[in-house]
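This report refers to the structure that appears directly beneath it.
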Protein chains: 2
Amino acid sequence: MSNAPAEARPYHHGDLSRALVDAARRLLESEGPSALSLRAVAREAGVSPAAPYHHFKDKGELLDAVAHEGWLMLDEALGRAKAAAPSIREAVAELGVAYVCFARDHPALYRVMYDCARDKESLPEAMQQDGDSAYCKVRDTLIEAGADPSASVDLELATVAAWCSAHGLAEMTSFKQFDPLKEACGGETAFLRAVFNHMGLVRAALGE
Amino acid sequence: MSNAPAEARPYHHGDLSRALVDAARRLLESEGPSALSLRAVAREAGVSPAAPYHHFKDKGELLDAVAHEGWLMLDEALGRAKAAAPSIREAVAELGVAYVCFARDHPALYRVMYDCARDKESLPEAMQQDGDSAYCKVRDTLIEAGADPSASVDLELATVAAWCSAHGLAEMTSFKQFDPLKEACGGETAFLRAVFNHMGLVRAALGE
DNA sequence: TCCGTATCTAGGCGCCGTAAAGATATCTTG
DNA sequence: CAAGATATCTTTACGGCGCCTAGATACGGA
């Protein structure tokens with residue numbers, strides 16, 4: 001192994017943990033969450049079934065790593081949506097739409113993200129206070145949209161409400177019962193905006 | 001077997017499918033969803049590992065039966081909540097609180113319900129049109145609270161919004177990050193009401 | 001150069017979902 | 001009531017799973 005890719009490359013394989021997470025995400029996209037066995041991930045990465053155990057305590061820890069990347073991706077998606085919002089007034093709804101679209105475009109990853117969170121009864125710690133996390137982006141946007149930052153409980157409640165709404169809608173949109181309703185609204189994003197509007201989220205955030 | 005329990009009792013065991021579903025729900029409550037293997041269910045019911053295959057096509061079909069009972073229970077819980085609401089104005093929020101409390105009290109069952117629904121990308125068909133399903137209860141309550149029944153798209157959107165909000169909140173309340181916020185609100189149900197209020201659900205439903 | 005250590009493989013354990021074949025109890029038909 | 005048909009359950013078996021232990025291998029520092 002002479003032609004190393006200039007990266008810090010450990011002993012045998014060359015950053016196997018990285019390769020395992022990538023393999024897991026590949027399998028997740030192509031075969032769905034139910035096909036994501038630790039052995040299949042090792043197979044996909046071209047190593048023996050026991051190799052992952054030198055980098056992850058167990059299957060759950062590998063899934064945690066996959067989920068972590070999902071939260072980072074979601075964070076980026078929300079950041080892009082906020083930047084692209086035409087006005088701060090609409091930014092809250094835009095965040096919601098972007099959130100649901102992320103879940104629609106990466107359904108298996110999204111499922112792993114929340115499955116991991118439920119198992120430990122806690123959202124990833126990076127969500128809460130790091131200032132630039134997805135959750136904080138929502139809260140900051142609410143403030144910029146006019147919410148009172150000194151009413152900390154109200155602000156937190158509004159953030160939770162927004163997050164719950166987006167998550168709930170993200171899980172519902174995949175059900176085919178709502179297809180006719182989407183059509184009646186004139187497309188999926190129009191449907192999403194309409195539902196968010198019916199939740200009164202923006203109005204509530206601005207205290208109207 | 002002379003002392004039959006007066007019920008219609010099939011060949012050997014006596015309504016094994018019933019016993020299997022009961023055993024599954026027992027295991028679900030005591031050991032959680034991850035421990036719910038088909039073999040464990042058969043063990044709990046006192047039959048061989050292959051016996052369930054004469055009553056259910058595969059594990060998924062058994063879980064479907066369990067989930068179905070869950071939806072019935074949720075339906076009943078919402079019915080009780082609506083009946084107990086002090087005024088029709090508050091009935092919508094009461095339904096939401098009852099929904100979340102159901103999910104909190106039967107977390108494993110609730111998870112199975114939505115896992116089954118996600119797998120077939122469809123909520124149980126009994127949810128949509130049967131007139132007395134959980135979903136219809138929400139819609140009817142919105143009408144009674146003042147929503148315009150002739151604006152069918154708006155009405156449907158409001159129902160979806162309410163359902164999404166409740167589901168989203170149901171999944172979030174289990175995360176321990178929100179414990180301090182619950183305390184600041186003065187208890188869990190106060191927290192639930194506050195979040196629903198911040199969603200502006202009732203206001204939106206009444207078109208204010 | 002050589003040893004310690006990090007990394008990976010081989011093999012095995014007990015569990016899982018499920019299929020096939022045989023045993024047994026019940027229903028049906030005469 | 002007899003006897004064949006049928007539904008129910010058991011036994012056995014296969015491959016895959018998560019995970020563990022022991023051994024082989026390659027790298028890094030002394």
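Throughout, protein chains are lettered first and strands after them, A, B, ... in sequence-line order, and every chain is numbered starting at 1. Being a predicted model, the structure only gives us computed values, none of them experimental.
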Partners passing side chain to side chain donor-acceptor pair (under 3.5 Å) against B:Lys59 (at least two apart in sequence or in another chain): none

Within 6.0 Å of CD in B:Glu183, more than 12 heavy atoms from elsewhere: no

Bending between helix ends of the helix from C:dT1-D:dA30 to C:dG30-D:dC1 [5 pairs per end, 10° resolution]: 10°

Can you list, pair by pair, the side-chain donor-acceptor contacts under 3.5 Å of residues 63-70 of chain B, counting residues two or more places apart and other chains?
residue, atom, partner, partner atom, Å
B:Asp64, OD1, B:Lys120, NZ, 3.3
B:Asp64, OD2, B:Lys120, NZ, 3.3
B:Glu69, OE1, B:Arg18, NH2, 3.4
B:Glu69, OE1, B:Arg25, NH1, 2.9
B:Glu69, OE2, B:Arg18, NH1, 2.9
B:Glu69, OE2, B:Arg18, NH2, 2.8

Length of the line joining A:Leu63:CG and D:dG18:C1', which is rounded to integer Å: 12 Å

Ring pair (Phe, Tyr, Trp, His ring centres under 6.0 Å) involving A:Tyr114 - partner list, sequence neighbours excluded: A:Trp71, A:Tyr110, A:His167

Separation of D:dT10 P from B:Leu16 CG (nearest whole Å): 8 Å

Annotated protein contacts, base or backbone, on nucleotides 13-19 of chain C with a non-hydrogen cut-off under 4.0 Å, one of B, S, - each: ---BBBB

Listed partners of A:Ala50 passing side-chain contact (heavy atoms from CB on, under 4.5 Å), at least two apart: A:Ser48

A:Ala151: side-chain contact (heavy atoms from CB on, under 4.5 Å) partners, not counting sequence neighbours: A:Asp148, A:Asp154

side-chain contact (heavy atoms from CB on, under 4.5 Å) against A:Lys137, all qualifying residues, sequence neighbours excluded: A:Asp75, A:Leu78, A:Asp132

Results of side-chain contact (heavy atoms from CB on, under 4.5 Å) for B:Glu90 - residues two or more places apart only: B:Pro86, B:Ser87

Any B:His54 side-chain nitrogen or oxygen under 4.0 Å from OP1 or OP2 of D:dT10: no

Distance test, side-chain N/O of A:His55 to OP1/OP2 of C:dA6, below 4.0 Å: no

Protein-nucleotide distance (A:Leu20, atom CG; C:dT7, atom P), rounded to Å: 12 Å

